[in-house]
Amino acid sequence: RWTALRRWRQRAIRRQRPAVQECLRDDLRAHLKSIGVTNGALVLMHTRVTGVHIQSGDSSVKANEWETSANLLSDFFDLLGPTGTLAMPTNAKYQTNNYYGSRDRGKIITYNPSCSPCGVGLVNELFWRQKGVQRSLFPFNMLAACGPLSDELLRDNLNERKPSPHGVDSGYYRICQHNGLMVSIGVPLRECFTLAHVVEE
């Protein structure tokens, strides 16, 4: 109701916004190769392309979020090749909106791995909808994977023996068992260290 207070809050939010991160697409590909994103690798990728500009070719042309997301996915598939496996979190939208954690205990939430949209970014949404990508059945902190190891990563992840999104039957645990590489683009480590939950559980 107080206009002055609302303006103060909006200014505070603007001050907290991180600076735009920019890089050349070729430089990013070279860096990814240098850290191990190569043919046959197993990679868990976290992304946020809002505030990230990945330039390809003419640096005067700014790629929009859709182009940046599509290019990023294309580059990862290309670097990993047919023998590599790419995995990404695809947490459903109900985890990132008011439904999750609400006090309404009677609310029923439906999750369908083949059609429930994810709420953790455009790259993740585009990824799980790609042909050949599998998505975990566990209805919390879902994981999607594509590649030779995807069957093994997502096998029996929803069961009555040890139901847990990060436990010993989860894809996250199996990524650790395979010494997978975790890559974060546009997301600070403190916000995306999903594999820490494996240790906790």
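This one's a predicted model, so the numbers in the text were calculated from it and none came from an experiment.
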Open item on the list: Test your reading of the model: is there a side-chain donor-acceptor pair from R135 to the backbone of T90, 3.5 Å cut-off?
Closed with: yes
Task: Residue pair V198 / I175, side-chain heavy-atom distance below 4.5 Å - done: no
Measure the [atom1]-[atom2] distance between [X] and [Y] for me, rounded to the nearest 0.5 Å.
| X | Y | atom1 | atom2 | value |
| --- | --- | --- | --- | --- |
| R155 | Q134 | CZ | CD | 11.5 Å |
| Y111 | L158 | OH | CG | 9.5 Å |
| H31 | I185 | NE2 | CD1 | 8.5 Å |
| C146 | F77 | SG | CZ | 4.5 Å |

- [ ] Determine, step by step, whether L153 and L42 satisfy the side-chain contact (heavy atoms from CB on, under 4.5 Å) criterion, reporting the C-alpha distance in whole Å, the side-chain angles of both residues, the deciding distance to 0.1 Å, and the verdict.
- [x] CA-CA 11 Å; L153 293 179; L42 167 59; 3.9 Å; yes
- [ ] Return the minimal non-hydrogen interatomic distance between P113 and L137, and the atom names on each side.
- [x] CG-CD2, 3.6 Å
Task: Minimum-distance pair of heavy atoms, taken over all atoms of S136 and L154 - done: CB-CD2, 3.9 Å
TODO: Dump the intermediate steps for side-chain contact (heavy atoms from CB on, under 4.5 Å) on S170 and F138, then the final yes or no.
DONE: CA-CA 9 Å; S170 70; F138 203 95; over 6 Å; no
Name the atoms and distances for all side-chain donor-acceptor pairs under 3.5 Å in residues 82-89, with sequence neighbours left out.
from, atom 1, to, atom 2, distance (Å)
T83, OG1, N39, OD1, 3.0
T83, OG1, G40, N, 3.3
T85, OG1, L149, N, 3.1

Show every salt bridge (Lys or Arg N to Asp or Glu O under 4.0 Å) that has at least one partner inside [range], sequence neighbours left out.
| range | answer |
| --- | --- |
| residues 72-86 | R25-D75, R29-D75, R29-D78 |
| residues 159-176 | D156-R161, R161-D169, D169-R174 |
| residues 177-186 | none |

Task: From CA spacing to verdict: side-chain contact (heavy atoms from CB on, under 4.5 Å), M142, S116 - done: CA-CA 11 Å; M142 304 78 173; S116 294; over 6 Å; no
Task: Set of residues satisfying side chain to side chain donor-acceptor pair (under 3.5 Å) with respect to T47, sequence neighbours excluded - done: N124
Open item on the list: Please enumerate all residues that pass ring pair (Phe, Tyr, Trp, His ring centres under 6.0 Å) together with H166, with sequence neighbours excluded.
Closed with: Y172, H197
TODO: Apply the test side-chain contact (heavy atoms from CB on, under 4.5 Å) to residues L28 and I54: give CA-CA distance (whole Å), side-chain angles for both, the deciding distance (0.1 Å), then the verdict.
DONE: CA-CA 8 Å; L28 178 59; I54 302 172; 3.7 Å; yes
